[in-house]
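Structure first, then comments.
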Amino acid sequence: MKKLTGPFTQILPLTGLPQKGSLKDSQLQVIKNAWVLSNNDRIITIGTLERLRKDHPSAQITEITGDRVLLPGFIDCHTHICFAGSRANDYALRSSGKSYTDIAKAGGGIWDTVTATRAASEATLVELLVKRADRHLSEGVSIIEVKSGYGLSVEQELKQLRAIKEASYKTKATLVPTCLAAHMLPKDFEGTRSEYLDDVLKNLLPVVKKENLATRVDIFVEDGAFKAETAMPFLQKAKEMGFAITVHADQFTTGGSELAVEVGAVSADHLEATKDRDIKLLAKSDTVAVALPGASLGLGMQYAPARKLLNAGACLAIASDWNPGSAPMGDLLMQAAVLGAAEKLSAAEVFAGLTFRAAQALRLTNRGTLATGTPADFHMYPTNDYREILYNQGKLRPLIK
């Protein structure tokens, strides 16, 4: 059935904008006092009530009262929200001066979450994940990438990925699973890092593919995780198996983004340590640069060089990195607004990074804009000026359609 929804004070369809490079707010199309015509949850067009009713007289009308600004649903293209346990102790230690690596060496860090996640049942993980996904959805995030990586064995990684699949049936948010078995070398694995990655390739990824648990593979490229020369053959083989590749890159040291570009990764995520040479490589490539301001806030470190990346011509997405250790907040809009202020990003650049450019990081071709034929995936804010959304830094909460 055709539906007419409106009127909206402003609609930002985010159509007609380039996938790469800097953007000015003057490039935003802002449609005033308009309605959305949809059919079977697909957008047909946007226009005035008079014109749309004339062309579609039988459409069902849903009237909106008060000032409302409409945007496409946000896309969080990097999260770790399938986990159990808490790392509040890690946070307290970091705040008192301990480094991320020092905490990990002392038994905290990722392995702490691995222990708690392994101890949790699949049903418990499903319940926790649905709760977090629903919270994200209530804050305007309708598509959520979700990584494994807290199992770190064939059996436990499969448990996580199966939990993500089951949770996808129990939330209205769209979940995009990613296999991050290459998060770190498990402490209980008797062998080298290369041998562990071979085990993932031989014994885990074929099952992931067979059960259709994920089409994406990620790896943490860092001195304390997997070095670029070790990660390279793993990523090449995963790609040959048909998986899309993404990389945790340049969080503390460089080398990851260069690897990501070389192997043709869909995205390179983090980039807090990225240098000018890496920025040029990313800008010339089709690899999406994903900034994770939540990790910068959680760790008290610099942001990814978002301004430089955009000026160089890169495609920049913004994601939350919601995880129990370095980015426990998970408030995507607030983090994006703070990143925008710190890195001097236009509203157009921030909204692009939360919508159609984030969609590119997940290879979603029909999401992130309000265009003809795309899903009617949108959310609205109680204001008459879209600039209020970022100005309020997450305190202006959306009203879901």
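If you're wondering where the values come from, they're calculated on a predicted model, not measured in any experiment.
Smallest separation of non-hydrogen atoms from Ile31 and Ala34: CG2-CB, 3.5 Å. Considering all non-hydrogen atoms of both residues, Leu204 and Cys179 come closest at CD2-SG, 3.9 Å. The heavy-atom pair separating Leu137 from Ser142 by the smallest distance is CD1-CA, 3.8 Å. Contact between Pro293 and Ala336 at its shortest, heavy atoms only, is CG-N, 4.4 Å. Here the closest heavy-atom approach between residue Ile64 and residue Pro7 is recorded as O-CD, 3.4 Å. Taking each heavy atom of Ile164 and Pro177 in turn, the nearest pair found is CG2-CB, 3.9 Å.
Inter-residue side-chain proximity for Ile75 and Leu354 is flagged as unmet; no heavy-atom pair is nearer than 4.5 Å. Looking at Val154 and Asp199, their side chains come closer than 4.5 Å, going by heavy atoms from C-beta outward.
For Thr246 and Ser267, the side-chain atoms include at least one donor-acceptor pair closer than 3.5 Å. For Ser148 and Glu157, the side-chain atoms include at least one donor-acceptor pair closer than 3.5 Å. Between the side chains of Gln156 and Thr117, not a single donor N or O lies within less than 3.5 Å of an accepting N or O. Using modelled atom types and a 3.5 Å distance limit, the side chains of Asp377 and Thr374 yield no donor-acceptor pair. Asp250 and Ser257 share a side-chain donor-acceptor pair at under 3.5 Å. Looking only at atom types and distance, the side chain of Thr383 has no donor-acceptor partner in the side chain of Asp67 under 3.5 Å away. In this model, no donor atom of one side chain and acceptor atom of the other lie less than 3.5 Å apart for Lys147 and His80.
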### Task
For Asp218 and Asp269, run side-chain contact (heavy atoms from CB on, under 4.5 Å): C-alpha distance rounded to whole Å, both residues' side-chain angles, the deciding distance at 0.1 Å, then the answer.
CA-CA 10 Å; Asp218 195 354; Asp269 304 23; 5.6 Å; no
### Task
Check step by step if side-chain contact (heavy atoms from CB on, under 4.5 Å) holds for Asp321 and Ser326.
CA-CA 8 Å; Asp321 195 23; Ser326 59; 3.7 Å; yes
### Query
Glu139 and Arg135: salt bridge (Lys or Arg N to Asp or Glu O under 4.0 Å), yes or no, with the steps?
CA-CA 7 Å; Glu139 295 172 356; Arg135 197 201 89 179; 3.5 Å; yes
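Interatomic distance, Met334 CE to Leu297 CG, rounded to the nearest 0.5 Å: 5.5 Å. Note that CZ of Arg53 is 12.0 Å distant from CG of Leu37, once rounded to the nearest 0.5 Å. Considering NZ of Lys308 and CG of Leu271, their distance stands at 13.5 Å, rounded to 0.5 Å. Rounded to the nearest 0.5 Å, atoms CD (Gln360) and OG1 (Thr365) are 10.5 Å apart.
Around atom OH of Tyr91, no more than 12 heavy atoms belonging to other residues, nucleotides or ligands sit under 6.0 Å away. Heavy-atom contacts from other residues, nucleotides or ligands closer than 6.0 Å to CZ of Arg51 number more than 12.
Side-chain rings of Phe74 and His379 approach one another, their centers coming within less than 6.0 Å. When ring centroids are compared, Trp322 and His136 come within the 6.0 Å threshold.
Salt-bridge annotation for Glu349 and Lys24: absent, with no side-chain N of the basic residue lying under 4.0 Å from a carboxylate O of the acidic one. Between Asp331 and Arg397 there is a salt bridge, since at least one side-chain N of the basic residue sits less than 4.0 Å from a carboxylate O of the acidic one. The pair Asp102-Arg94 fails the salt-bridge criterion, with no side-chain N (NZ, NE, NH1 or NH2) lying under 4.0 Å from an Asp/Glu carboxylate O. The residues Arg162 and Glu211 are annotated as salt-bridged, a charged nitrogen and a carboxylate oxygen being separated by less than 4.0 angstrom. In summary, Lys170 and Glu166 engage in a salt bridge, as defined by a charged side-chain N under 4.0 Å from a carboxylate O.
For Tyr196, the ring pair (Phe, Tyr, Trp, His ring centres under 6.0 Å) partners two or more places apart in sequence, or in a different chain, are Phe189.
Judged by a 6.0 Å distance limit and a 45° cone about the ring axis, Arg193 is not positioned over the six-membered ring of Phe234.
In this pair, His270 and His248 present their aromatic rings tilted. The plane angle is within the 30 to 60° band.
Between the Thr79 side chain and the Glu145 main chain, a donor and an acceptor come within less than 3.5 Å of each other.
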